[in-house]
Visitor: 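Can you read through this structure? Questions will come right after.
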Amino acid sequence: MEILSSLAQGFAVALAPANLLWCFVGVLLGTVIGIMPGLGPPATIAMLLPLTFQMTPAAAMIMLAGIYYGAKYGGSTTSILLNVPGESASVVTCLDGYQMARKGRAGAALGIAAIASFVAGTVGVLGLMLVAPPLARFALAFSSPEYFGLMTLGLALVVLLAGRSVIKALLAALVGLWIASMGTDLFSATSRFTFGQMELLAGIDFIVVAIGVFAIGEVLANIALREGTQLLPVPKGLRNLLPTWQDLKDCRFAFLNGSVVGFLVGVLPGGGSTIASFLSYGLEKAVSRRRGQFGTGVIEGVAAPEGANNSETGGALVPLLTLGIPGSGTTAILLAALVLWGFKPGPLFIPENPTLFWGLVASMYLGNAMLLVLNLPLVPAFAQVLRLPVYVLYPLIFGVSMVGVYSVSGSPFDLALLAAFGLLGYLMRKLDYPTAPLILALALGAGLERALRQSLMMSGGNLAILVERPIAAVMLSLALVVLLIPLVGRLNAWRLRALEPDGG
Amino acid sequence: MGETTNRAADFWSGLALAALGTYIVLEARQWEYLGPEGPGAGFFPLWYGIAMVALSLALVASSALRKPGGGGIDWRNAGRSAAAWLAFAASVAACKLVGFAVSFALLTFFIVAVLYRRPLAVAATVAVAVAAGFQVVFAMALGVSLPSGVLGF
């Protein structure tokens, strides 16, 4: 009953004309970004974040979340029509989606992707609504040692699933911790790693690093490639986009599978929508009566991963909002956004900001419905985005990045840092270092150090406090187990299969 | 992800990170490690610096022991990225002097005309259009301040 009245309060917020408009703008932008290969939600949210400072926090959060889950809808269009994933979560959709399109069933593939996304996306929001408040109440008992354990576990999971080499992922995370340490130490007022620059005394703004590594780095990596892909014909007319009754019957389990797997993976830090879509595809293939045909254009092979990557969004917001622990690059940027607007994501976030939380939840129900309506009849129009020349797109990304960074601080020094972090992002991609651990460590670095130092202050410098308290001990033990997984041959083989693009 | 792991790249990047880790450790040793009120400013950096040195040396060792393999560097593609980055960095540096609009138009012109080899007229049109579009949308409509140069915009 309490949930229903809170949700009604949330709908009152989400249905306010301005918030409804920003929700629409968010899901529309998200769809367009999802369609464009080479421009993902983290880059876009990072670029647009500074521009949201003039909006109310509720409107800004509704719009940024709309970009986040809207991109998951858009990503499938490029996978199906171009055999190029619009974003990483749609990689696995290429396997059966593109094959369906080659056989003249692009309409059914696009239609089922939109329907599965809607069903699972809605289930994901339902999960967020039901799981987040009790988890937040449970987390009220957490103190510094528990937070240190939780953040360490989150980082360990991200490191485990970020790339093939755990050593490189750990190194990326350590570089993130180093960048987070720059500036004045808040405990002792000591300036650390400032290289004698006044501008570094306040530390490096998270936005500068996120835009540099994600947006500029991504453009620099993509600019090296020349376009050579062929867009398959886009079906026109709603009738050609609707799957048949038989298609829907075939996808019954895929809808359920995508919804549940996606949400559960989303709740775990480090899982992310790419892993969710692969796991869901693998499960669908394992239980299907026609598993031998997967990869040749089976409709469940589109529905399961597309559902999972949308349900994951609701799951990923659970640890972010209730514990203040992001599980991916995108949620790390959303965490930074909340902090910049003056909120403190954690156990008290929902009780202290019920309007914002329930408004966001309600807007996600509305946004998913908007996306279904937008994506079914308007797919042909959205597909035209793919015809935008990259020599126009890339300068636009450079420009928005520069404007975004400059609007935060008004400092030319930050623009120079943007160029430096852009180069870092490019080198990381080329040298096969994952970027997510760096961004996550940067977002969590200050909190991690604070939690550790406060724990040691509580215990008079005795590290045993981290293992004497049961919750902290369990989390740190789990983190250790997670980091030892690559050393166990069979478990590492499973990990690598989960990371392979064709590992379903 | 998806890039072919290159032995030389792992080796040299590992060495670079080992150097960074050493620098972090040396810096952290100058700050208080443990004081009467608990851990000092050097406590956390010292430990992640040590971890960075250890892990990067492990990466160097594993790359040295690995058989040569993986794809080499595609210098032509790397050259395009390097040119784009240099142009971007130059544009950032030029912002202070000529302002955002002009430096951004020059960056766009370079990308269209040089990197994508489109006709000069096309490049000039795109450059002027996007720079003017940014000025209208961000500076005029949204009231966002953009770097201005000697020309006042």
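Proteins get letters first, then strands, A, B, ... in listed order; numbering begins at 1 in each.
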Visitor: Determine whether Thr108(B) and Tyr391(A) satisfy the following criterion, side chain to side chain contact (heavy atoms under 4.5 Å, CB included), listing intermediate values before the conclusion.
Guide: CA-CA 8 Å; Thr108(B) 305; Tyr391(A) 60 79; over 6 Å; no
Visitor: Heavy-atom cut-off 4.5 Å, strictly under: side chain, backbone, both or neither for Phe138(B) against chain A?
Guide: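 When you check distances to chain A, only side chain atoms of Phe138(B) fall under 4.5 Å.
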Visitor: Heavy-atom pairs under 4.5 Å with chain B: which of Leu174(A), Asp185(A), Thr190(A) has the most?
Guide: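 Most heavy-atom pairs under 4.5 Å with chain B: Leu174(A).
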Visitor: Okay, side chain of Arg80(B), backbone of Ile223(A): is any donor-acceptor separation there less than 3.5 Å?
Guide: yes
Visitor: Taking every heavy-atom pair that is under 4.5 Å apart, which of Met428(A), Met458(A), Arg453(A) has the most such pairs with chain B?
Guide: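 Maximum pair count with chain B is reached by Arg453(A).
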Visitor: Please classify the contact of Leu17(B) with chain A as side chain, backbone, both or neither, using a heavy-atom distance under 4.5 Å.
Guide: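 For Leu17(B), the contact with chain A is made by the side chain alone.
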Visitor: Indicate yes or no: at least one non-hydrogen side-chain atom of Lys168(A) is less than 4.5 angstrom from one of Leu55(B).
Guide: no
Visitor: Could you check if a side-chain atom of Tyr426(A) sits within less than 4.5 angstrom of a side-chain atom of Ser81(B), using non-hydrogen atoms only?
Guide: yes
Visitor: Under a 4.5 Å cut-off applied to non-hydrogen side-chain atoms, are Pro45(B) and Arg192(A) in contact?
Guide: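 They are in contact (side-chain heavy atoms under 4.5 Å apart), so the answer is yes.
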Visitor: Select one option (side chain, backbone, both, neither) describing which atoms of Phe193(A) are under 4.5 Å from chain B's heavy atoms.
Guide: both
Visitor: Hey, which of Leu177(A), Leu415(A), Val175(A), Ile167(A) has the most heavy atom pairs under 4.5 Å with chain B?
Guide: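 Going by pairs under 4.5 Å, I would pick Leu177(A).
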Visitor: Between atom CG of Leu146(B) and atom OG of Ser407(A), what is the distance when rounded to the nearest 0.5 Å?
Guide: 9.0 Å
Visitor: Do Ser181(A) and Tyr48(B) have side-chain N/O donor and acceptor atoms under 3.5 Å apart?
Guide: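 Yes, a side-chain donor-acceptor pair sits under 3.5 Å.
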Visitor: Testing the 3.5 Å rule here: is there a donor-acceptor pair between the side chains of Ser145(B) and Tyr406(A)?
Guide: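 No, no side-chain donor-acceptor contact under 3.5 Å.
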Visitor: Under 4.5 Å heavy-atom distance to chain B, tell me which part of Gln454(A) shows up: side chain, backbone, both or neither.
Guide: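 For Gln454(A), no heavy atom lies under 4.5 Å from chain B.
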Visitor: List the atom of Gly445(A), the atom of Phe44(B), and the distance in Å for their closest heavy-atom pair.
Guide: O-CE2, 4.3 Å
Visitor: Heavy atoms only: give me the nearest Ala41(B)-Glu449(A) pair and the separation to one decimal.
Guide: O-OE2, 4.5 Å
Visitor: Among residues 18-31 of chain B, which residues come closer than 4.5 Å to chain A, judged by heavy atom distances?
Guide: Leu20(B), Tyr23(B), Ile24(B), Glu27(B), Trp31(B)
Visitor: If you look at every heavy atom in Leu431(A) and Ala9(B), which pair is closest and at what distance?
Guide: CD2-CB, 3.4 Å
Visitor: Among Ser56(B), Gly38(B), Gly35(B), who wins on heavy-atom pairs under 4.5 Å with chain A?
Guide: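 Most heavy-atom pairs within the cutoff with chain A belong to Ser56(B).
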Visitor: Which heavy-atom pair separates Ala224(A) from Asn77(B) by the least distance, and what is that distance?
Guide: O-OD1, 3.0 Å
Visitor: Is a side-chain N or O of Trp85(B) found less than 3.5 angstrom from the main chain of Leu220(A), in a donor-acceptor match?
Guide: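 Pair absent, no side-chain N/O of Trp85(B) close to backbone of Leu220(A).
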Visitor: Check Met402(A) against Ser91(B) and note the closest heavy-atom contact, atom names and distance.
Guide: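 Distance-wise, the nearest heavy atoms are CE-OG, 3.8 Å.
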Visitor: Using heavy-atom distances under 4.5 Å, tell me whether Thr184(A) contacts chain B through its side chain, its backbone, both, or neither.
Guide: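 Contact with chain B is absent: no heavy atom of Thr184(A) under 4.5 Å.
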Visitor: May I ask you to name which of Leu107(B), Leu59(B), Val130(B) has the most heavy-atom pairs under 4.5 Å with chain A?
Guide: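 Most heavy-atom pairs within the cutoff with chain A belong to Leu59(B).
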Visitor: Specify which of Leu427(A), Val403(A), Leu456(A) makes the most heavy-atom pairs with chain B at under 4.5 Å.
Guide: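 If we count pairs closer than 4.5 Å to chain B, Val403(A) comes out on top.
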Visitor: Heavy-atom distance under 4.5 Å between the side chains of Tyr394(A) and Leu115(B), does that happen here?
Guide: no
Visitor: Do you know which of Val400(A), Thr435(A), Val392(A), Leu186(A) has the most heavy-atom pairs under 4.5 Å to chain B?
Guide: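 Of Val400(A), Thr435(A), Val392(A), Leu186(A), Val400(A) has the most heavy-atom pairs under 4.5 Å with chain B.
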Visitor: Between Phe398(A) and chain B, with a heavy-atom cut-off of 4.5 Å, which part of the residue counts as in contact: side chain, backbone, both or neither?
Guide: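 For Phe398(A), heavy atoms of backbone and side chain both lie under 4.5 Å from chain B.
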